[in-house]
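See structure below.
Residues: numbered from 1 along the sequence shown.
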Amino acid sequence: MKTMANDIATNPEELVEKSNVFVEYVKGLIPGALDFAVDVLIALLIYIIGVKLISIIRKMIQRMMERSHLDAGVKSFLDSLTKFALYFLLIVFIATRFGATTASVTALVGSAGLAVGLALQGSLANFAGGVLILVMKPFELGDYIITDSGEGTVMQIQICYTRLLTVDNKMVVIPNGKLSDGVITNVTKMEKRRVDFTYSIAYGEDIKKAKGVIEEIFNADEARIAEDPIEVFVDSLRESDVVLGARIWVKTEDYWTTKFRLQEQILEAFSREGIVIPFPQMEITLHNK
């Protein structure tokens, strides 16, 4: 400690010179730091203004889509795509404020996109499936569909997933890639739907009487579409019973209520008319030796 103090005391000119060098170095940093701070403030200002402009542009596009009466799923997809594109342009513009060239930013984004694409091949397949669904429109919001992955009412059509609500109030989320590659049965696409019934009667019963009972109830039902014929026929002959088939056409929205109502009415009518609905049975014959 004494030696250091002696050095400082004996070399005051050297200490002053080093102090001056340090001060000049700090002064040299100040303009650069100020310039960087100004650039950051300008970037923040550009970002805030850009966010406001993006919001205005999205609202304008949404009003245009509402006037064009596009499907709700297409509106959601286009809005998401517009938002992504506008924010990408805003980020590129801000990056150029810090000296980055547009070409270098585009190359960097392209490289990152390639890496992300390789890592998320399944998600990209779902994205492509979502585009196909929105373009081809095999179903729309509110339709009841049956797929290999589940069935229910379509509640949301998103870019990568479609959400179905089942009849027992469960939410089923299905990747769009599976929907676009699989078989889809759109139950509510058509205005009318055929209701199919099968009824079993015993072999000893009067078939014409049973058919007449079914036809009478079908003709009296208010949900029946009068222009379409009623069909009642012998569907099959089984070991213990005769199976009668019956068909009636109703509006799609009346399908389930009509099916449940007519099932109950036919059961009551058979019981009232004395028409036996058999249960499985087997005849066993014993031979005495």
Least distance between heavy atoms, [X] atom then [Y] atom:
X: Asn126; Y: Gly177; value: OD1-N, 3.1 Å
X: Ala210; Y: Ile275; value: CA-CD1, 3.8 Å
X: Val250; Y: Ala223; value: CG1-O, 3.5 Å
X: Ala202; Y: Pro278; value: N-CD, 3.4 Å
X: Ala246; Y: Tyr199; value: CB-CE1, 4.2 Å
X: Ser149; Y: Val172; value: O-CG1, 4.2 Å

Please list, one pair per line, the donor and acceptor atoms closer than 3.5 Å that link side chains of residues 261-268 to other protein atoms, with sequence neighbours excluded.
{"unit_1": "Arg261", "atom_1": "NE", "unit_2": "Asp221", "atom_2": "OD1", "d": "3.0"}
{"unit_1": "Arg261", "atom_1": "NH2", "unit_2": "Asp221", "atom_2": "OD1", "d": "3.1"}
{"unit_1": "Arg261", "atom_1": "NH2", "unit_2": "Asp221", "atom_2": "OD2", "d": "3.0"}

> Is there any ring-ring contact (aromatic ring centres under 6.0 Å, His included) pair reaching into residues 162-196, and which pairs are they, with sequence neighbours excluded?
Replying inline: none
> Does Leu132 belong to the same Ile/Leu/Val/Met/Phe/Trp/Tyr cluster as Tyr161, with side-chain heavy atoms less than 4.5 Å apart forming each link?
Replying inline: no
>> Test of understanding: clusters of I, L, V, M, F, W, Y form through side-chain heavy atoms closer than 4.5 Å, transitively. Do Ile248 and Ile217 belong to the same one?
In response: yes
>> Tell me every residue that passes ring-ring contact (aromatic ring centres under 6.0 Å, His included) with Phe260, counting only those two or more places apart in sequence or in another chain.
In response: Trp256
> Can you name the residues that form a ring-ring contact (aromatic ring centres under 6.0 Å, His included) with Phe218, not counting sequence neighbours?
Replying inline: Phe197
> Please, which pairs that meet salt bridge (charged side-chain N to carboxylate O under 4.0 Å, His left out) have at least one residue in residues 147-167, sequence neighbours excluded?
Replying inline: none
> What residue pairs, at least two apart or across chains, pass salt bridge (charged side-chain N to carboxylate O under 4.0 Å, His left out) with a residue in residues 169-179?
Replying inline: Asp168-Lys170
Please report, to 0.1 Å, the donor-acceptor pairs under 3.5 Å made by any side chain of residues 42-58, with sequence neighbours excluded.
{"unit_1": "Arg58", "atom_1": "NE", "unit_2": "Asp79", "atom_2": "OD1", "d": "3.1"}
{"unit_1": "Arg58", "atom_1": "NH2", "unit_2": "Asp79", "atom_2": "OD1", "d": "3.4"}
{"unit_1": "Arg58", "atom_1": "NH2", "unit_2": "Asp79", "atom_2": "OD2", "d": "2.8"}

Just verifying a value: how many Å separate [X] [atom1] and [Y] [atom2], rounded to the nearest 0.5 Å?
X: Ile145; Y: Ile184; atom1: CD1; atom2: CD1; value: 5.5 Å
X: Phe139; Y: Thr147; atom1: CZ; atom2: OG1; value: 8.5 Å
X: Lys137; Y: Ile157; atom1: NZ; atom2: CD1; value: 9.5 Å
X: Leu179; Y: Thr162; atom1: CG; atom2: OG1; value: 5.0 Å
X: Lys189; Y: Thr252; atom1: NZ; atom2: OG1; value: 12.0 Å
X: Leu244; Y: Glu205; atom1: CG; atom2: CD; value: 10.5 Å

> Does the Thr153 side chain pair with the main chain of Gly142, one donor and one acceptor, at a distance under 3.5 Å?
Replying inline: no
> Under 3.5 Å, is there a donor-acceptor pair between the side chain of Asp143 and the main chain of Thr188?
Replying inline: no
>> Is it true that, when you exclude Lys83 itself, more than 12 heavy atoms of the residues, nucleotides or ligands shown sit nearer than 6.0 Å to its NZ?
In response: no
> Which residues satisfy the side-chain hydrogen bond (donor to acceptor under 3.5 Å, both in side chains) test with Glu253, sequence neighbours excluded?
Replying inline: none
>> For Asp206, give me all partners under side-chain contact (heavy atoms from CB on, under 4.5 Å), at least two apart in sequence or on another chain.
In response: Lys208, Lys209
Donor-acceptor pairs under 3.5 angstrom involving side-chain atoms of residues 225-235: please list them, not counting sequence neighbours.
{"unit_1": "Asp228", "atom_1": "OD1", "unit_2": "Lys192", "atom_2": "NZ", "d": "3.1"}
{"unit_1": "Asp228", "atom_1": "OD2", "unit_2": "Lys192", "atom_2": "NZ", "d": "3.1"}

> Taking only residues two or more places apart in sequence, or in another chain, which ones meet Asp241 in a salt bridge (Lys or Arg N to Asp or Glu O under 4.0 Å)?
Replying inline: Arg238
> Given side chains that start at C-beta, do those of Phe270 and Ile214 come closer than 4.5 Å, heavy atoms only?
Replying inline: yes
>> Are Val154 and Leu164 packed together at the side-chain level, in the sense that at least one heavy-atom pair is separated by less than 4.5 angstrom?
In response: yes
> Does Val167 sit in a hydrophobic cluster with other residues, and if so which ones, taking ILVMFWY side chains as linked at heavy-atom separations under 4.5 Å, directly or through other members?
Replying inline: Tyr144, Ile146, Val187
